[in-house]
Amino acid sequence: MKLKNGIDLDTIVPENELEEEIIADFKAGRTKEVVTRCPPEPSGYFYIGHAKAWTINFETAQKFGGKTYLRMDDTNPLKEEGEFAESYLQDLAWLGFTPEKMIYASEAYFDDIYKIAEQMIMDGKAYVCELSAEEVSATRGSLTEPGKESPYRNRTPEENLRLFRAMRDGKFEDGKATLRAKIDMAHPNMNMRDPVMYRVLRAEHYKLGNKWCIYPAYDFAHPMEDALEGVTYSLCDKGFQDHRPIYEWFIENGWKKPFAPKQREFSRVVIENVLTGKRYLKQLVKGGYVSGWDDPRFVTLVALRRRGYTPKAIKDFVKSVGWGSVIEVSVPYSALEHYVREDLNKIATRAMVVLDPLKVVITNFNGKSEEIEIENNPNDESAGKHKALFGREIFIEKEDFSENPPPKYNRLVEGGIVRLKGAYIIKCNKVVKDKNGNIDHLECEYLPNTKSGDDTSGIKCKGTIHFVSADNCFKVTIREFKNLIKEEYKFPAKSLADGVKIEDMLEPNSLTERTALAENFLKDAKVEDKFQFMRKGYYCVDKDSTDQNLVFNSTISLKDGFKVPQK
RNA sequence: AGGGGUGUCGCCAAGUGGUAAGGCACAAGAUUUUGAUUCUUGCAUUCGUAGGUUCAAAUCCUGCCACCCCUGCCA
């Protein structure tokens, strides 16, 4: 069987239970095309968790040649979803997902949903209830006891229809009446105890103004919207597992047509040591702990983007977590970091930047600096090379020279040699100190026949360090980050609930800024350009950069295999 | 008179009666002009637990235990 994307169904290898079910549905003729949908949540802050939902929805549709809609589930006028559509679309686009179309449920489906509600009333499946919210709650029963039936439960269909239309026509004040599904007040699943289908709500809807004063509730609206637009698989997180019976009940009793969308659930992901939640983020922004909602220390998608994370890294990460079997899985931050390193290693251009400079004078080098070449990516020859200089005065990292080297120290020591990446081997002859006894600079000599790529000396050199030449570097600003939340708070939301103060969970000095010396090659870097500063880490150009001053965010350090042996 | 979900290595996770994949993390070694990358190797005699069925059980049956979710006119 050929799919719309030209792929043969039989060649598709299912990667989870849903995909197995989809294949079975195709074969049984229950599914003609996979249609999924993304319903934005009205928070304005999108996290890895959202990225997981998007990835699942878009990629399973894509895999089967289907499509994905973006649907604003705007059934609550008090929530003003409209303003979030744009940031949603932006994050979606950044990750590389393009919805088939964007739908406002209010505009597209409210009329139909209303008609279905009337039909359900005539079928004796719904009734107008005049209990107050408190009374409904009080009669719902508890987890172990059945609820009580509403005194309004047995009105005739005709009376219910008259009353429902009265609701629609504004004859009831807010909260004075609801339309409820007539299911079972003794049902063990609380969601089935006559859930509210419509409530009276007078508020300006951002799309429809005051056209309606009654609004359908999620449990009723969602399956109807899915059915109306032909969604075949309505994928949501496992928090909705308990809602599946009600979803199916509405499909059976409201929709009633042979085509039936299916709700299926995947697990949520959270990352350890990470704080999410609008309330808390706002508090941190307000308190001046961070610069804004896209501060690179946050883990909103915009923040991750600014920090230098790539869409591929994020998608690979969420896919690595899998479909999941529990409501929420939490994974250590290092799992996410693995995928950024993996992607950046392939795509980031290498450059030499000295973060903490120590001056070195090459005493036997005179005259004009010599051109050298640096590979842009040693793992990818097609990335090319760029030019740098080697001259009489250069800078190396302070930590690449030691007066009391630990065992197995491969870098420069007095009287020892190291290779300068892309240039020559140098030998340190003298440590020059200032009057306070601090190292001022090093005097070294270079070994002329050891030029990189053209080394005829036969000298073996254990260490290679990076450097910049004084006449080929400029100052840049480097921002380095520590996790905002102290390491001992693996589950910050839980700690908060336990009464820990947010201030006490914050890592002090989670942002440090320093000036570094970068090779001139970096002068043309644009915002979001990603580099590997050799032997240090991955960095990307921040939006705070100006023509005079480039600002780099540290995305993630390189792994450091050097360990001082324990004695 | 509760219902639903889940228990497989420190973390994620395959596994659907035939003798415990894989990834992260970690450790050791090789290669390396990035102590990166890459590569090799090691890492669950055991699948929450106690029994049972079977030639054979993580997988089937029974009991028990633990954790998560559910009582919005939010989504």
Side-chain angles (χ1 to χ4, degrees), chain A residues 15-16 39-43 73-76 78-79 81 129 131-134 136-147 174-180 186-193 195-201 214-215 217-219 221-222 236 238-245 265 267 269 272 317 320-332 334-339 341-342 345-346 350 352 374-375 377-379 408-411 418-425 450 452-453 455 461-466 532-538 557-563:
Chain A
E15 279 162 43
N16 52 247
E41 294 171 55
S43 102
D73 200 3
D74 50 357
T75 54
N76 187 343
L78 302 173
K79 291 221 166 178
E81 281 91 349
C129 177
L131 254 25
S132 69
E134 296 71 42
V136 169
S137 172
T139 54
R140 199 186 324 270
S142 73
L143 296 180
T144 52
E145 294 157 70
D174 286 13
K176 292 293 184 198
T178 55
L179 183 71
R180 291 228 259 164
H187 199 105
N189 181 340
M190 302 292 285
N191 296 320
M192 298 294 270
R193 319 247 257 229
V196 168
M197 294 167 61
Y198 265 96
R199 71 277 206 192
V200 181
L201 214 52
I214 58 172
Y215 288 90
Y218 171 86
D219 276 329
H222 205 84
C236 55
K238 288 200 179 260
F240 289 94
Q241 258 171 146
D242 289 345
H243 293 255
R244 189 141 126 195
E265 311 86 7
S267 66
V269 228
E272 287 169 8
F317 168 74
S320 78
V321 175
W323 184 259
S325 52
V326 292
I327 291 190
E328 184 171 283
V329 304
S330 75
V331 292
S334 60
L336 212 206
E337 291 178 333
H338 166 77
Y339 291 97
R341 284 202 184 96
E342 186 179 67
N345 178 237
K346 291 194 190 109
R350 316 287 131 131
M352 294 204 282
I374 304 294
E375 292 168 299
N377 189 335
N379 306 126
K408 299 201 176 163
Y409 185 78
N410 289 347
R411 287 107 102 152
V418 272
R419 155 139 252 136
L420 294 177
K421 177 75 188 171
Y424 295 88
I425 293 175
T450 60
S452 188
D455 186 338
C461 182
K462 276 184 301 186
T464 301
I465 62 173
H466 59 103
Q532 185 201 85
F533 293 174
M534 269 187 282
R535 302 206 309 130
K536 301 311 292 184
Y538 296 99
S557 69
L558 250 31
K559 279 193 181 173
D560 188 359
F562 177 57
K563 287 177 198 73

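Every value quoted in this text rests on a predicted model; they were computed, and no experiment measured them.
Contact annotation: A:R535 side-chain N/O to B:rG35 OP1/OP2 distance is under 4.0 Å. OP1 or OP2 of B:rU34 has not a single side-chain nitrogen or oxygen of A:H466 nearer than 4.0 Å.
For the side-chain hydrogen bond (donor to acceptor under 3.5 Å, both in side chains) test, no residue two or more places apart in sequence or in another chain qualifies with A:D560. Applying the ring pair (Phe, Tyr, Trp, His ring centres under 6.0 Å) criterion to A:H466, with sequence neighbours excluded, gives no partner residue. For the salt bridge (charged side-chain N to carboxylate O under 4.0 Å, His left out) test, no residue two or more places apart in sequence or in another chain qualifies with A:K79.
As judged by a 4.0 angstrom heavy-atom cut-off over every strand, A:P146 is placed among the base-contacting residues.
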Which pairs, protein N/O on one side and nucleotides 72-74 of chain B N/O on the other, fall under 3.5 Å?
{"residue": "B:rC73", "atom": "OP1", "partner": "A:R140", "partner atom": "NH2", "Å": "3.1"}
{"residue": "B:rC73", "atom": "N3", "partner": "A:G175", "partner atom": "O", "Å": "3.3"}
{"residue": "B:rC73", "atom": "N4", "partner": "A:L131", "partner atom": "O", "Å": "2.7"}
{"residue": "B:rC73", "atom": "N4", "partner": "A:A133", "partner atom": "N", "Å": "3.1"}
{"residue": "B:rC73", "atom": "N4", "partner": "A:G175", "partner atom": "O", "Å": "2.9"}
{"residue": "B:rC74", "atom": "OP2", "partner": "A:R199", "partner atom": "NE", "Å": "3.4"}
{"residue": "B:rC74", "atom": "OP2", "partner": "A:R199", "partner atom": "NH2", "Å": "3.1"}
{"residue": "B:rC74", "atom": "O3'", "partner": "A:R199", "partner atom": "NH2", "Å": "3.3"}
{"residue": "B:rC74", "atom": "O2'", "partner": "A:K79", "partner atom": "NZ", "Å": "3.2"}

Under-3.5 Å N/O pairs linking protein and nucleotides 29-32 of chain B:
none

Could you list all N or O pairs between the protein and nucleotides 2-9 of chain B that sit under 3.5 Å apart?
{"residue": "B:rG2", "atom": "N9", "partner": "A:L143", "partner atom": "O", "Å": "3.1"}
{"residue": "B:rG2", "atom": "N2", "partner": "A:P188", "partner atom": "O", "Å": "3.3"}
{"residue": "B:rG2", "atom": "N3", "partner": "A:L143", "partner atom": "O", "Å": "2.9"}
{"residue": "B:rG3", "atom": "N2", "partner": "A:D242", "partner atom": "OD2", "Å": "3.3"}

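On a pure distance criterion of 3.5 Å, a polar donor-acceptor pair joins the side chain of A:R411 and the base of B:rG35.
Under the 4.5 Å side-chain criterion, counting only non-hydrogen atoms from C-beta, A:N379 is in contact with A:R350.
Rounded to a whole angstrom, the distance from the P atom of B:rG5 to that of B:rC60 is 15 Å. Rounded to whole Å, the P atom of B:rA36 lies 13 Å from the corresponding atom of B:rU31.
Taking every side-chain heavy atom of A:S452 into account, B:rU33 is the closest of B:rU33, B:rC70, B:rU34.
Pairing for B:rA66 goes to B:rU6, judged as Watson-Crick or G-U wobble with the two contacts each under 3.5 Å. Base pairing analysis places B:rG17 opposite nothing; no Watson-Crick or G-U wobble pair with both distances below 3.5 Å involves it. B:rA27 is paired with B:rU41 under the Watson-Crick or G-U wobble criterion, all donor-acceptor distances under 3.5 Å. Here B:rG22 sits opposite B:rC12 as a Watson-Crick or G-U wobble pair (both hydrogen-bonding atom distances under 3.5 Å).
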